[in-house]
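Let me begin by presenting the structure, written as structure tokens, before commenting on it.
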Amino acid sequence: MLPIPDPYMFKDLLGFINIRWYGVIIVGAALAGAWLASKEAARKGENPNHAWDALFICLIVGLVGARLYHVLSSPANSAVNFQFYMENPWITVSLLGFQFQFPRVLAIWEGGLGIYGGVLGGVLGLLGYLKWRKLNLLKWLDIGAVGLLLGQGIGRWGNFFNQELYGFPTSAAWGIPIDTDHRLPQFAFLSPLTFFHPTFLYESILCLLGALFLVAAARRYHSRLLSGEIANLYLIVYPAIRLFTEIQRPDAWLYNGVPVAQIVSASILVLAVVVLWYRRVVLKQKPSAMDAEPAAEEPEGPQAPIRRKGRVLDPRESKSRS
């Protein structure tokens, strides 16, 4: 059982600085994703610095997209919806002893980021960077996909510290407590000892396993994969995860009684499967030289192997025979 968390990593540091765990975890997740992407880039013979250079752009545009998705949504049984932001557009912020009004839609430290909006924004940011630097689109989408899923798995822990993304009441040993201030209206009058499904944890674990699967597939089957197919697999793996986790979302944004995230997930998953099938079966595409991983370079200098009649001799062996 996880305890009720303190949302602040540091509060009133130096008398005026407040640092929330939510922001720290989001930044840490982005850095972890960029690190994995840089490793994949190096393995594919690309400059790993591009992963770090693109990070800032993807993070900013992704945050904007994630926040817009959240603000425009209207979760069921939740007082925080699109109408709430329209009726309460400002919050009071204290900084350096001064208080001022700040737009609530920009107050991401309060929580509320829609992952599909974040993914769309991040991809748009990446596409802009790739066009600017004239880099291979499909290869870098593959590189970015593995880092993205790792970042999502880590970033979900921000929901834990904000006491959000929890499920229905449960008696399971891994249930988590939620204080009354953060409970949905239908759970407000339940006993303080009531525990809830840690939906954020389910998605975190599945995303981390999904990232491991993408990395393993990219490395083991690199000679058989087309450029863009790891990104295509991401569009199958993550929507499948969301189809499952939305079952434990009592605050899901609904359309005709169906969670919007499930509608979006099912649509993306089906489209991704069709694209995979179309490239492989209809177009009969096969991996080309551009899809193949670069061969490891042989060392140069005195330690370089010596080729003789189709054999590769160790330099020491050649000296002993000379």
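- For Glu246, the salt bridge (Lys or Arg N to Asp or Glu O under 4.0 Å) partners two or more places apart in sequence, or in a different chain, are Arg242, Arg249.
- With hydrogens and angles ignored, the 3.5 Å screen pairs a side-chain donor or acceptor of Glu229 with a backbone N or O of Leu226.
- The side chain to side chain contact (heavy atoms under 4.5 Å, CB included) test applied to Leu254 returns Ala76, Ala252, Pro259, not counting sequence neighbours.
- Counting heavy atoms from C-beta outward, Val123 and Val61 have side chains that stay 4.5 Å or more apart.
- In this structure, Arg224 contributes its side chain and Pro287 its backbone to no donor-acceptor pair below 3.5 Å.
- Asn159 contributes no side-chain N or O that, together with a main-chain N or O of Phe200, makes up a donor-acceptor pair within less than 3.5 Å.
- Remark: side-chain polar atoms of Ser38 are paired, donor with acceptor, to backbone N or O of Trp35 under 3.5 angstrom.
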Name the atoms and distances for all side-chain donor-acceptor pairs under 3.5 Å in residues 263-272, with sequence neighbours left out.
| unit_1 | atom_1 | unit_2 | atom_2 | d |
| --- | --- | --- | --- | --- |
| Ser265 | OG | Tyr116 | OH | 2.6 |
| Ser265 | OG | Ala261 | O | 2.6 |
| Ser267 | OG | Ile263 | O | 2.8 |

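- Every residue two or more places apart in sequence or in another chain that forms a salt bridge (Lys or Arg N to Asp or Glu O under 4.0 Å) with Arg219 is listed here: Glu40.
- Here the two rings, on His70 and Tyr85, have centers that are under 6.0 Å apart.
- Using a distance-only test at 3.5 Å, with no hydrogens or angles considered, a donor-acceptor pair links the side chain of Asn88 to the main chain of Phe84.
- Listed by chain and number, the residues in a side-chain hydrogen bond (donor to acceptor under 3.5 Å, both in side chains) with Tyr202 are Trp174, His197 (sequence neighbours excluded).
- In this structure, Thr199 contributes its side chain and Gly167 its backbone to a donor-acceptor pair below 3.5 Å.
- Applying the 4.5 Å side-chain rule to ILVMFWY residues, one finds Trp277, Tyr278, Val282, Leu283 in the same cluster as Val281.
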> Which is it for Tyr238 and Glu203 under the side chain to side chain donor-acceptor pair (under 3.5 Å) test, yes or no, and what are the steps along the way?
Replying inline: CA-CA 9 Å; Tyr238 182 67; Glu203 185 163 328; 2.7 Å; yes
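- When atom types are taken as modelled, the side chain of Arg133 and the backbone of His50 share no donor-acceptor pair closer than 3.5 angstrom.
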